Amino acid sequence: MCLAVPGKIESITGERELRSGVVNFGGVQKEINLAFVPEAKIADFVMVHVGFAISVVDEAEATTVLGYLQQMGELGELEELK
């Protein structure tokens with residue numbers, strides 16, 4: 001299944017198109033390209049699709065979606081990609 005997953009930015013490095021960060025998806029951390037969300041800062045929640053953050057989202061919305069994904073076991077796929 002191909003979908004965007006919310007995650008919380010824990011760190012940011014680089015600038016402009018090389019801007020990236022570590023994003024936490026309910027305990028699974030991944031390096032994500034942040035070039036499409038220049039306004040995003042540490043502790044913001046972003047929607048991530050194929051390694052790119054595509055929008056900043058509300059924390060409550062992100063937490064709700066992460067809860068649903070955990071209930072469905074979909075976050076396990078992220079763990080397998082480590």
Side-chain angles (χ1 to χ4, degrees):
M1 177 186 295
C2 187
L3 56 97
V5 178
K8 185 176 184 178
I9 298 173
E10 294 188 334
S11 66
I12 296 175
T13 58
E15 295 182 25
R16 297 177 162 216
E17 62 275 353
L18 299 177
R19 190 168 184 251
S20 65
V22 174
V23 176
N24 187 325
F25 302 93
V28 178
Q29 296 176 327
K30 298 282 184 186
E31 183 81 19
I32 301 298
N33 187 305
L34 300 173
F36 296 146
V37 288
E39 74 279 19
K41 56 191 180 303
I42 293 174
D44 280 350
F45 281 82
V46 289
M47 291 299 286
V48 176
H49 181 69
V50 294
F52 290 85
I54 56 176
S55 66
V56 177
V57 294
D58 175 72
E59 180 177 351
E61 177 184 348
T63 302
T64 299
V65 172
L66 277 172
Y68 291 144
L69 292 172
Q70 286 175 330
Q71 289 175 7
M72 295 180 340
E74 292 293 326
L75 292 180
E77 291 182 19
L78 289 174
E79 185 70 31
E80 293 171 6
L81 296 174
K82 279 186 172 178

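Predicted, not measured: the structure shown is a model, and the values here were computed from it. Numbering of residues begins at 1 and proceeds along the displayed sequence.
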Linking I/L/V/M/F/W/Y whenever any side-chain heavy atoms sit under 4.5 Å apart, do Ile12 and Leu18 land together?
no
For the student: nearest non-hydrogen atoms of Ala35 and Pro38, plus distance
O-CD, 3.8 Å
Tell me the closest heavy-atom pair linking Asn33 and Glu17, and the distance in Å.
ND2-O, 3.7 Å
Residues that Thr64 engages under side-chain contact (heavy atoms from CB on, under 4.5 Å), provided they are two or more places apart:
Tyr68
Starting at CG of Asp44, measure out to CD1 of Ile9 and round the result to the nearest 0.5 Å.
5.5 Å
ILVMFWY clustering at 4.5 Å (side-chain atoms), partners of Ile54
Phe45, Met47, Val57
Pairs under 3.5 angstrom only: tabulate donor-acceptor contacts from the side chains of residues 19-26 to other protein residues two or more places apart or in another chain.
| residue | atom | partner | partner atom | Å |
| --- | --- | --- | --- | --- |
| Arg19 | NH1 | Val37 | O | 2.9 |
| Arg19 | NH2 | Ala40 | O | 2.4 |
| Ser20 | OG | Thr13 | OG1 | 3.3 |
| Ser20 | OG | Glu31 | OE2 | 2.8 |
| Asn24 | OD1 | Gly26 | N | 3.2 |
| Asn24 | OD1 | Gly27 | N | 2.6 |
| Asn24 | ND2 | Glu10 | OE2 | 2.9 |

Working to the nearest 0.5 angstrom, can you tell me the gap between Leu34 CG and Glu15 CD?
13.0 Å
Just wondering, do Pro6 and Thr63 contact through their side chains at under 4.5 Å, heavy atoms?
no
